[in-house]
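Accompanying notes for the structure given below.
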Number of protein chains: 2
Amino acid sequence: MVGARSILPIMKQATIYSIAQALEVSASTVSRAFSRPDLVKPEVRERVLATARELGYAPNRAARGLATGRTGLYGLLVPDVTNPFFPPLIRAIQQAAARVDAGVLLVDSEGSGAAETALVSRIKAQVDGLLVASPRLATAKLKEALGAVPSVIINRAAQGLATVVCDNTAALREAATHLHDLGHRRFALMRGPSASWAAGRRAHAIRSWAQEAGVSLAELGHYEAVFVDGRRAAAQIVESGATAVFAFDDLMAAGVIAGLSDLGETVPRDRSIIGCDDVLLARTMTPGLTTVTAPLEELGRQSVLALHGLLEQRPVPNVQLQGTLTVRGTTGPPP
Amino acid sequence: MVGARSILPIMKQATIYSIAQALEVSASTVSRAFSRPDLVKPEVRERVLATARELGYAPNRAARGLATGRTGLYGLLVPDVTNPFFPPLIRAIQQAAARVDAGVLLVDSEGSGAAETALVSRIKAQVDGLLVASPRLATAKLKEALGAVPSVIINRAAQGLATVVCDNTAALREAATHLHDLGHRRFALMRGPSASWAAGRRAHAIRSWAQEAGVSLAELGHYEAVFVDGRRAAAQIVESGATAVFAFDDLMAAGVIAGLSDLGETVPRDRSIIGCDDVLLARTMTPGLTTVTAPLEELGRQSVLALHGLLEQRPVPNVQLQGTLTVRGTTGPPP
DNA sequence: TCTCTACGTGCAATCGGTTGCAAGCAACCT
DNA sequence: AGGTTGCTTGCAACCGATTGCACGTAGAGA
């Protein structure tokens, strides 16, 4: 014994065996004190827990995983971490997962359906279950890729899979009415990606409202849900003659505003714009963006709850949450 | 050979043993074919690999982890996922980690130093190493919390720890010169959080430039690096009489612009603003924000490289990258 | 007093890899 | 021919927790 290193004795991490030894009980008892406390005499359990704390014991995840087949990890697959829609969702998921003692393994598919397939099969052996946010893949392919891994799909309907979605229909109708009340009669709708489930839903909500209200609606797109596509679309909007615009999401809305500004227009003086999602950007731009706020924290929490339920063999109902209208500064009376 | 089950035979996931059996070799050989290919006769190795592919074999991470003590996971601790500075970094880290066959376990400290301590000790047993982005904790406490876990600190200097930082001094001086050339002579600096290393560095860079250039510099703050703090600070800026403002980061810059707008001013007509980091927001606001672009992808890549090196016992030099000036629409001549 | 039940505990196998050690074998050297 | 070397491979002991099974004990019931 040479290296008497000063502070921390190079003591190997405590195991159930070290605890068992210290207490002169068997390792099984220690194990059970944690995983099945009801099977251990209260007094013994207390002593085990105390000693564990003393020795700084933390169960070895790998060993537990090997024995139980559970990793304590949830995979989270997002199409694009840098899209401001996802970070609040990620955070909520992370928190909720921590509450059920699970970690979050994050992967980004860079918006590619092919990558989704690859990533899913890459990580499905490493996790207990998968949370798939806004998948690009068609439902059938998605199901195939997922195989038997317990999964929850976020922000998209998918027959035969557990889903947690946000319905914006009511909020969008409210938004439309808000614009109508301000005096707008000519509307434009900037459609999102054709493969996007949300885009279809939103378009449908607005389309049916416009029909009922008997106002004109110019449908533009499909566009990619990115800033530059919004910016480029500004000319088409001007051309359409619409005074009020529904952008597919906040990013596109910001793009449109930038594009209109390039053309010498000011929002909301010359035109009103409404976004969707209420990402950080919507709150921080000037003027603030009128938009439909998605309950992202709740979305995250519910997804984790659903996955957790799935893992415990509980039947999990599909969840549908509601978006709400948030009026800020990009809507006003028509010129 | 009986079970010709039609599509997916309910076959348990393939293991090295199933492969070994199929090939009539020992499991050790199969194991070595993967982990130490050089020890296996090429011909045998080929057959193992082929059979593995055929059987859809994927090594069991938990088992490997138990045997080797490696989990194949890097922990990534960020103070706030929703701060747009981090998502691009996260994505880069995730990609780089995948390239060395590691997963990323993401945790968010919600900007609290105390939570950092708790989270670090919570996950350090589950990961091979830790990437700590912009920690709030003082270096000493951080080191204590990290203990012996191989770690890389991102975006902050920390004596005795491996670090990967971005130096903005040169870019900020360039930005200052840009403003000076436009005719500005009265400057203001909105300082970031006092605990932030980056804030100190940026302040120092600007302060020393101002001194050399012989222009007036009003130092405001410290502020939190959030939108609302920027917005509230607008009045102080007007009061200071500065025509050009360095905000600690883009979020604050956006806040200032909003605040000035509240007061009836327009940027850059009435005042010029410069941010820092070049987050998505900076590109998507109207007008675009003049700012110092941080090489986030490179920052992420280098951090992973460093951690990977650490894990292989290689000596890892500290990395320092350079920010670059990006001129957009929030800077112009003084009124 | 004797069985029966219920509870608490320990034994030992198991999860799926990794790895030190030694044996088998062929080529090479003297 | 005998000895040496180096390459392949198998054996078996781990890694740290979980869990089915069986044993021992004490209290309940007859």
Side-chain angles (χ1 to χ4, degrees), chain A residues 10-49 51-52 55-73 101-103 124-128 311-312, chain B residues 11-49 51-52 55-73 101-102 124-128 311-312:
Chain A
I10 314 279
M11 176 166 48
K12 321 202 65 78
Q13 170 69 6
T15 69
I16 51 168
Y17 297 100
S18 31
I19 299 178
Q21 197 168 17
L23 264 61
E24 303 195 298
V25 296
S26 80
S28 333
T29 300
V30 178
S31 171
R32 279 191 277 256
F34 290 101
S35 44
R36 305 284 316 270
D38 51 305
L39 291 184
V40 176
K41 203 197 304 188
E43 182 228 325
V44 178
R45 190 199 313 149
E46 284 316 313
R47 281 171 48 215
V48 170
L49 265 40
T51 314
L55 268 51
Y57 168 77
N60 180 319
R61 296 284 193 145
R64 175 177 293 182
L66 184 55
T68 60
R70 290 275 184 102
T71 62
L73 253 36
D101 200 34
K124 70 177 168 186
Q126 297 186 56
V127 298
D128 293 340
L311 291 171
E312 312 230 295
Chain B
M11 177 167 44
K12 322 202 64 75
Q13 172 68 6
T15 69
I16 51 168
Y17 296 100
S18 31
I19 299 178
Q21 198 170 16
L23 263 62
E24 303 193 299
V25 297
S26 80
S28 334
T29 300
V30 178
S31 171
R32 280 192 275 256
F34 291 101
S35 44
R36 306 283 316 268
D38 50 305
L39 291 184
V40 175
K41 202 197 306 186
E43 181 229 326
V44 178
R45 190 198 314 151
E46 284 315 314
R47 281 170 50 217
V48 170
L49 264 40
T51 315
L55 267 50
Y57 168 76
N60 180 319
R61 296 285 192 144
R64 175 177 294 180
L66 184 54
T68 60
R70 290 275 185 103
T71 61
L73 252 36
D101 200 33
K124 70 176 166 186
Q126 297 185 57
V127 299
D128 293 340
L311 290 172
E312 311 230 295

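Note on naming: letters A, B, ... go to the chains in the order of the sequence lines (proteins, then strands), and numbering restarts at 1 for each one. Treat the numbers as computed from the prediction; the structure is a model and nothing was measured.
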### Message
Whether the side chain of T15(A) and the base of dC15(D) hold a donor-acceptor pair under 3.5 Å is what I'd like checked.
### Response
no
### Message
Side chains of R70(A) and L311(A), heavy atoms from C-beta outward: is any pair under 4.5 Å?
### Response
yes
### Query
Among residues 30-44 of chain B, which residues get a heavy atom nearer than 4.0 Å to DNA chain C?
S31(B), R32(B), S35(B)
### Message
What's the separation between atom CD1 in I19(A) and atom OG1 in T51(A), rounded to the nearest 0.5 Å?
### Response
7.0 Å
### Query
If only side-chain N and O atoms of T29(A) are considered, is one of them under 4.0 Å from the OP1 or OP2 phosphate oxygen of dG10(C)?
yes
### Query
What is the nucleic acid contact for S28(B), judged by heavy atoms within less than 4.0 Å: base, sugar-phosphate only, or nothing?
base
### Message
Looking at Y17(B), I'd like to know whether one of its side-chain N or O atoms comes within less than 4.0 Å of OP1 or OP2 on dT18(C).
### Response
no
### Query
Is any side-chain heavy atom of L73(A) closer than 4.5 Å to a side-chain heavy atom of D128(A)?
no
### Message
Can you give me the closest heavy-atom contact between N60(B) and A62(B), atom names plus distance?
### Response
OD1-N, 2.8 Å
### Summary
So CG of L55(B) and CD of Q13(B): to nearest 0.5 Å the spacing works out to 9.0 Å
## Note on the structure
Between OH of Y57(A) and P of dG16(D) the distance, given in whole Å, is 10 Å
## Note on the structure
Out of dG10(C), dG17(C), dG16(D), minimum distance to the side chain of S26(A) belongs to dG10(C)
### Message
Output the rounded distance in Å from CG (L55(A)) to C1' (dG16(D)).
### Response
15 Å
### Task
Grab the CG-P distance between L23(B) and dT9(D) for me, whole Å please.
11 Å
With a 3.5 Å cut-off and sequence neighbours excluded, list the donor-acceptor pairs that the side chains of residues 27-41 of chain A form with protein atoms.
{"from": "S28(A)", "atom 1": "OG", "to": "S26(A)", "atom 2": "OG", "distance (Å)": "3.4"}
{"from": "T29(A)", "atom 1": "OG1", "to": "S26(A)", "atom 2": "OG", "distance (Å)": "3.4"}
{"from": "S35(A)", "atom 1": "OG", "to": "S31(A)", "atom 2": "O", "distance (Å)": "2.9"}

### Query
Between dT8(D) atom P and E24(B) atom CD, what is the distance in whole Å?
21 Å
### Task
Check the distance between dC14(D)'s P and R70(B)'s CZ and give it to me in whole angstrom.
23 Å
### Distance, rounded to the nearest Å, where N60(A) contributes CG and dG16(D) contributes P
7 Å
### Reported OG1-to-CD distance for the pair T15(B) and Q21(B), which is rounded to 0.5 angstrom
8.5 Å
### Query
Which one, dG16(D), dG17(C), dA17(D), comes nearest to the side chain of A63(B)?
dG17(C)
